[in-house]
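Counting starts at 1 for both ligands and their atoms, following the listed order. Every heavy atom of this structure was used, including side-chain atoms; hydrogens, water molecules and symmetry mates were not. FYI, the numbering just counts along the sequence from 1.
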Amino acid sequence: MEWLASIPTRAVPPQESADRLAAQFSVPLPEQPTEPAEVIDELARLAEPGLMAMPSGRFFGWVIGGALPAALAADWLISAWDQNAGMRYATPAAAAIEEAAGAWLVDLLGLPTGSDVGYTTGATMANFVGLGAGRKNVLDHAGWDLNTDGLTGAPRIMVFAGAERHASVDLALRYLGLGAATLVDVDREGRIRPDALAEAMRRSQGPAIVCLQAGNLHSGAFDPMREATAIAHRHNAWVHVDGAFGLWAAASPLYRDRLDGLETADSWATDAHKTLNVPYDCGIAIVSKPEALRSAFGVQTSYLIQDEHGPSDPFEKVPEMSRRARGIPVWAALRSLGRSGTATLIEGLAANAQALARGLGRLDGVEVLNDVVFTQVSLSFGADERTRRVTERLIEDGTVWMSGSRWHDRDILRISVSNWSTDAEDVAAAIAAVERAMAAA
Ligand SMILES: *Cc1c(COP(=O)(O)O)cnc(C)c1O
């Protein structure tokens with residue numbers, strides 16, 4: 001409670017380094033037991049200087065959401081209930097709540113009814129799940145039994161992704177044994193170019209997967225879903241969409257059209273711990289063909305059930321047997337926001353990002369690099385050296401946190417508006433902090 005109460009006013013960056021904290025925590029393991037309450041008091045006291053105020057409305061780093069009150073409390077309940085939520089029969093409440101949240105998600109995002117929903121640790125693993133279902137599906141079509149014969153000797157799967165795909169897509173492909181994607185040219189905002197995709201696919205044969213992006217880390221831009229998916233499907237490729245933060249645009253009537261054709265893809269990955277503001281960690285994998293998902297991640301090697309579209313056990317949709325019921329805070333977040341509140345949340349994040357882009361763009365010596373702002377703003381302060389100095393001064397200032405990055409061969413300062421509690425005052429504080437950092441740099 002002290003931590004939560006401190007968030008509105010505390011400096012955002014941690015006050016202690018990991019090395020100094022490690023020295024305090026790294027005492028020999030005591031021989032004797034300690035009272036639980038004493039343990040927790042010590043934990044809270046020692047950790048406090050090393051906590052980053054990530055749940056703060058003044059935190060604009062990477063793409064990290066806060067925690068909506070209902071989602072946070074639901075997360076506490078999950079720990080107290082301590083359900084190993086893999087099987088419907090053993091933990092019916094957890095399964096029912098996650099299924100309800102899954103149906104809400106599919107509806108809110110306008111995805112095909114009957115899609116399967118699996119809850120993962122984040123979008124990295126949600127990408128792994130979607131791409132893993134795709135791997136199984138395209139090899140099935142090539143007449144290769146992956147579950148029996150493995151990947152060795154299998155037909156090569158060509159994977160195509162935009163040059164500005166997120167690094168987690170590369171990781172997921174590596175975990176899946178698919179190697180590196182063939183990179184396809186993108187436009188100035190990082191969107192995959194349909195003509196380049198068509199050209200790359202024309203030159204390839206055999207099983208293929210196309211990985212699209214809903215929400216570029218630097219520009220917030222969305223790949224042209226309908227066009228790119230149609231090209232991929234002409235080659236019988238599986239289409240996966242990495243929408244870690246941007247998939248949520250589909251839940252807003254204002255932004256939905258930027259994802260036109262989203263529902264024509266085969267699988268989607270998103271994060272609840274980013275835009276939906278559920279506590280870490282929670283990602284969501286949605287797959288339109290339940291049989292592809294369940295035959296890839298289900299426990300039986302050949303998947304046979306009477307109704308492939310009926311609910312199945314939660315552990316058949318993710319790469320875990322024992323699992324935390326991560327979908328419960330998603331249910332609580334959506335239940336507390338409602339349909340209109342979810343749209344308002346997303347539109348509020350975008351409105352704050354647009355206000356930051358306008359306010360900062362007016363300052364002398366600031367260049368806003370992305371054209372159309374959703375929730376991300378990329379800034380340059382001139383030469384790389386100066387941008388880096390401004391970024392360092394801003395972090396020393398401590399009022400806000402924004403992270404440095406590199407985009408189009410330039411050092412940049414990147415803003416992500418992801419926190420439900422960010423308001424006009426926080427936006428004004430952020431602009432003032434950047435002005436101070438520029439003066440000091
Ligand atoms: C954050 C992010 C990911 C990875 O998500 P995690 O939750 O960190 O695993 C993937 N893709 C995009 C576009 C992201 O922004």
Task: Nearest neighbour in protein (non-hydrogen) for atom 11 (N) of ligand 1 - done: D242 OD2, 2.7 Å
Open item on the list: Whether R193 and E227 form a salt bridge (side-chain N of Lys/Arg under 4.0 Å from carboxylate O of Asp/Glu) is what I want to check.
Closed with: no
Task: Nearest protein heavy atom with distance in Å, relative to atom 6 (P) of ligand 1 - done: A123 N, 3.5 Å
Task: Best match, M125, E164, H166: closest heavy atom to atom 3 (C) of ligand 1 - done: H166
Would you tabulate the side-chain donor-acceptor contacts of residues 165-173 under 3.5 Å, counting partners in other chains and residues two or more places apart, or write 'none'?
| unit_1 | atom_1 | unit_2 | atom_2 | d |
| --- | --- | --- | --- | --- |
| R165 | NE | D170 | OD1 | 2.7 |
| R165 | NE | D170 | OD2 | 3.4 |
| R165 | NH1 | A163 | O | 2.8 |
| R165 | NH2 | D170 | OD2 | 2.9 |
| H166 | ND1 | S168 | N | 3.0 |
| H166 | ND1 | S168 | OG | 2.9 |
| S168 | OG | N127 | ND2 | 3.3 |

Open item on the list: Under a plain distance cut-off of 3.5 Å, with no hydrogens placed, do S378 and N370 share a side-chain donor-acceptor pair?
Closed with: no
- [ ] Check the side chains of R326 and T121 for a donor-acceptor pair under 3.5 angstrom, ignoring hydrogens and angles.
- [x] no
- [ ] Would you please indicate yes or no on a ring centroid separation below 6.0 angstrom for F374 and F222?
- [x] yes
- [ ] Could you tell me the residue and atom name of the protein heavy atom closest to atom 9 (O) of ligand 1, and the distance to it rounded to 0.1 Å?
- [x] T124 OG1, 2.6 Å
Open item on the list: Whether R389 and D411 form a salt bridge (side-chain N of Lys/Arg under 4.0 Å from carboxylate O of Asp/Glu) is what I want to check.
Closed with: no
- [ ] For the residue pair T399 and D397, confirm or rule out a side-chain donor-acceptor distance under 3.5 Å.
- [x] yes
Task: Numbering as shown, the atoms of ligand 1 that approach A244 to under 4.0 Å (heavy-atom distance) - done: 2 (C), 3 (C), 10 (C), 11 (N), 12 (C), 13 (C), 14 (C), 15 (O)
Task: Contact atoms of ligand 1, heavy-atom distance to D271 under 4.0 Å - done: 5 (O), 6 (P), 7 (O)
Open item on the list: Measuring from atom 15 (O) of ligand 1, which candidate in Q213, R165, H273, K274 has the nearest non-hydrogen atom?
Closed with: K274
TODO: Among all protein heavy atoms, pick out the one at the shortest distance from atom 10 (C) of ligand 1; state its residue, atom name and that distance to 0.1 Å.
DONE: S168 OG, 3.0 Å
Task: Atoms of ligand 1, numbered as shown, that sit under 4.0 Å from any heavy atom of L217 - done: 15 (O)
TODO: Mark up the atoms of ligand 1 that fall under 4.0 Å of a heavy atom belonging to F245, in ascending order.
DONE: 15 (O)
